[in-house]
Amino acid sequence: MVREILKLGNPKLYEVCGEVTNEEREMVKEWVKDLHDTLMDYRKTYGAGRAVAAPQIGVPKRLLYMYTDRPYVFINPVLTFPDEEVYELVDDCMSFPGLMVRVSRHRRADIRYLDENFEPRAMHLEGDLSELLQHEYDHLDGILATMRAVDNKSLILGQMKRDF
Ligand SMILES: [Zn+2]
C-alpha cells in the first residue's frame, strides 16, 4: 500500500527508531511491501528515489528498503567506516522533494544487517551506495540530511537529482 511520506518538520522524523524484533517478522513483510509501493509511487511522481527508511512512512523501526538492480531489505543495520575519507555531494530526500542540501559523507562504508529472511548479511559500500545508505541509516537515528548541511548556505531549492 502506498503510504504518506512524512515531510520535513514532522516530529516523527526526528525520533530514534527501535530495533526490529523476531516477533515482528510478519509485520516486516507488510512494512516492506508498503515501503516498496511508496518508493515506486514516488519514482512515478518525481523520477527519482532509490531507497526509503521505515520512519519516513511513520514506522519507527530500524528497517530500510532499497531498490537498485534489485530490491534490498536491511533489518537492524549497523554501519561502520573502514577509513576517514569523506567527500561532499548534493543530497536529496523523499521527505523534502525539491530541496537539495550539500553534505559530507564517507567515501566507503560497511553495513551489517539482516535480510528479509532474517539472515545475517554484510556489504561493502563505495561512492553512490555508501552515501545513499549513510543517508538512510541517519533516518533511523532521527537525522535528516538538512541537519548534515556542510554550512548554512548549503540548502538549494528547486532542483532534483536524477541519477538513481
Ligand atoms: Zn531521506
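Judged as a salt bridge (charged side-chain N to carboxylate O under 4.0 Å, His left out), and not counting sequence neighbours, the contacts of Lys33 are Asp37. Qualifying salt bridge (charged side-chain N to carboxylate O under 4.0 Å, His left out) partners for Glu24, counting only residues two or more places apart in sequence or in other chains: Lys61. Scanning for salt bridge (charged side-chain N to carboxylate O under 4.0 Å, His left out) contacts around Lys29 gives Glu26, with sequence neighbours left out. A search for side chain to side chain contact (heavy atoms under 4.5 Å, CB included) contacts involving Tyr14 returns Leu8, Leu144, Met147, not counting sequence neighbours. Applying the ring-ring contact (aromatic ring centres under 6.0 Å, His included) test to His106 and every residue at least two apart in sequence or in another chain returns Phe81. Applying the side chain to side chain donor-acceptor pair (under 3.5 Å) criterion to Asp151, with sequence neighbours excluded, gives Ser154. For Glu19, there are no salt bridge (charged side-chain N to carboxylate O under 4.0 Å, His left out) partners, not counting sequence neighbours. With sequence neighbours left out, Tyr113 forms a ring-ring contact (aromatic ring centres under 6.0 Å, His included) with Phe74.
Under a hydrophobic-cluster definition in which Ile, Leu, Val, Met, Phe, Trp and Tyr are linked whenever side-chain heavy atoms come within less than 4.5 Å, directly or via other members, Leu132 and Tyr67 are assigned to different clusters. In the hydrophobic clustering of this structure, Leu6 does not group with Leu64; members are Ile, Leu, Val, Met, Phe, Trp, Tyr whose side-chain heavy atoms approach within less than 4.5 Å, directly or through other members. Grouping the Ile, Leu, Val, Met, Phe, Trp and Tyr side chains by contacts below 4.5 angstrom, directly or via other members, places Val32 apart from Tyr72. Residues Val101 and Leu13 share a single hydrophobic cluster, defined by chaining ILVMFWY side chains whose heavy atoms lie under 4.5 Å apart.
Listed by first and then second residue, the salt bridge (charged side-chain N to carboxylate O under 4.0 Å, His left out) pairs involving residues 65-79 amount to none (not counting sequence neighbours). Sorted by first and then second residue, the salt bridge (charged side-chain N to carboxylate O under 4.0 Å, His left out) pairs involving residues 102-116 (not counting sequence neighbours) are Asp83-Arg108, Glu85-Arg107, Glu85-Arg108, Glu88-Arg102, Asp91-Arg105, Arg105-Asp138, Asp115-Arg121. Sorted by first and then second residue, the pairs that involve residues 120-151 and meet ring-ring contact (aromatic ring centres under 6.0 Å, His included), not counting sequence neighbours, are His135-His139.
When hydrophobic residues (I, L, V, M, F, W, Y) are linked wherever their side-chain heavy atoms come within less than 4.5 Å, Val150 remains an isolated member.
Taken from CG in Asp41 to NE2 in His36, the straight-line distance is 11.0 Å, to the nearest 0.5 Å.
A cation-pi contact, defined as under 6.0 Å to the ring centre and within 45° of the axis, links Arg25 to Phe118.
Asp141 is not listed as a side-chain neighbour of Cys17, based on a closest heavy-atom distance of 4.5 Å or more.
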